[in-house]
Amino acid sequence: MSMEIYVFLERSAMPTPAQWQTAITAAGFAVSLDTDFDPFTFTGFLPCQLNGHASGFEYYLHPKDQIAEEFTYLAPRVKPFDSVVTFVWGSSMEEMACVIMAASALAASTPSLLYAPEDDSAVEGASALGYAKEQLLAAAPYLKH
């Protein structure tokens, strides 16, 4: 079973991987992305390190409409955005932690909406780091690293 988190944003506001990593580090998160990728053309497994241990998640950037139509009730909140980054992970709690850290730092670095269908949370970018810290605190007893 896989799970997903979405970050709706403007494609033109997508940070470079180095800028994204800077936002992750500034948030105090212990995840390091493999920054050698083009966020506009890359799709698939994005390796990263969590507390020095190998991990990663699936990464996809596509037009908002490919995802937004699945969640029609979000339409008014995602209207200002033209794109969505989809983060996908399996059952690993470490992968989930990487996604929460990376997605929330991305969301906080630009006007956006972070949406987690698992708990039906829709969080404005400015509040994404607070959401992430709550989620990570709840998951802490289940993380190996």
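Not measured: the values here are computed from a predicted model. We use all heavy atoms of the structure for the numbers below, so side chains are in, but hydrogens, waters and symmetry mates are not.
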Undergrad: Assign the ring pair Tyr115 / Tyr73 to parallel, tilted or perpendicular, where the plane angle (0 to 90°) is split at 30° and 60°.
TA: perpendicular
Undergrad: Can you get from Phe57 to Ile67 by hopping between Ile, Leu, Val, Met, Phe, Trp and Tyr side chains that sit under 4.5 Å apart?
TA: no
Undergrad: Mind checking the OG-CD spacing from Ser104 to Glu134? Nearest 0.5 Å is all I need.
TA: 11.5 Å
Undergrad: To the closest 0.5 Å, what do you measure between CZ (Phe45) and OG (Ser55)?
TA: 6.5 Å
Undergrad: Are the side chain of Trp20 and the backbone N or O of Ala102 linked by a donor-acceptor pair below 3.5 Å?
TA: yes
Undergrad: Sorted by first residue and then second, give each salt bridge (charged side-chain N to carboxylate O under 4.0 Å, His left out) pair with at least one member in residues 76-90; sequence neighbours left out.
TA: Arg77-Glu124
Undergrad: Check the orientation of Tyr59 and Phe37. Use parallel for under 30°, tilted for 30 to 60°, and perpendicular for over 60°.
TA: perpendicular
Undergrad: Assess, by modelled atom type and distance only, whether the side chains of Thr86 and His62 contain a donor and an acceptor separated by less than 3.5 Å.
TA: yes
Undergrad: Determine the minimum heavy-atom distance between Pro39 and Leu61, stating which atoms define it.
TA: O-CD2, 3.3 Å
Undergrad: With heavy-atom distances below 4.5 Å as the criterion, would you say the side chains of Leu114 and Leu106 are in contact?
TA: no
Undergrad: Which pairs with one or both residues in residues 30-48 pass salt bridge (charged side-chain N to carboxylate O under 4.0 Å, His left out), sequence neighbours excluded?
TA: none
Undergrad: Other hydrophobic cluster members with Tyr60, side-chain heavy atoms of Ile/Leu/Val/Met/Phe/Trp/Tyr under 4.5 Å, chained?
TA: Val88
Undergrad: Could you tell me the separation between the CE atom of Met14 and the CD atom of Glu10, rounded to the nearest 0.5 Å?
TA: 13.0 Å
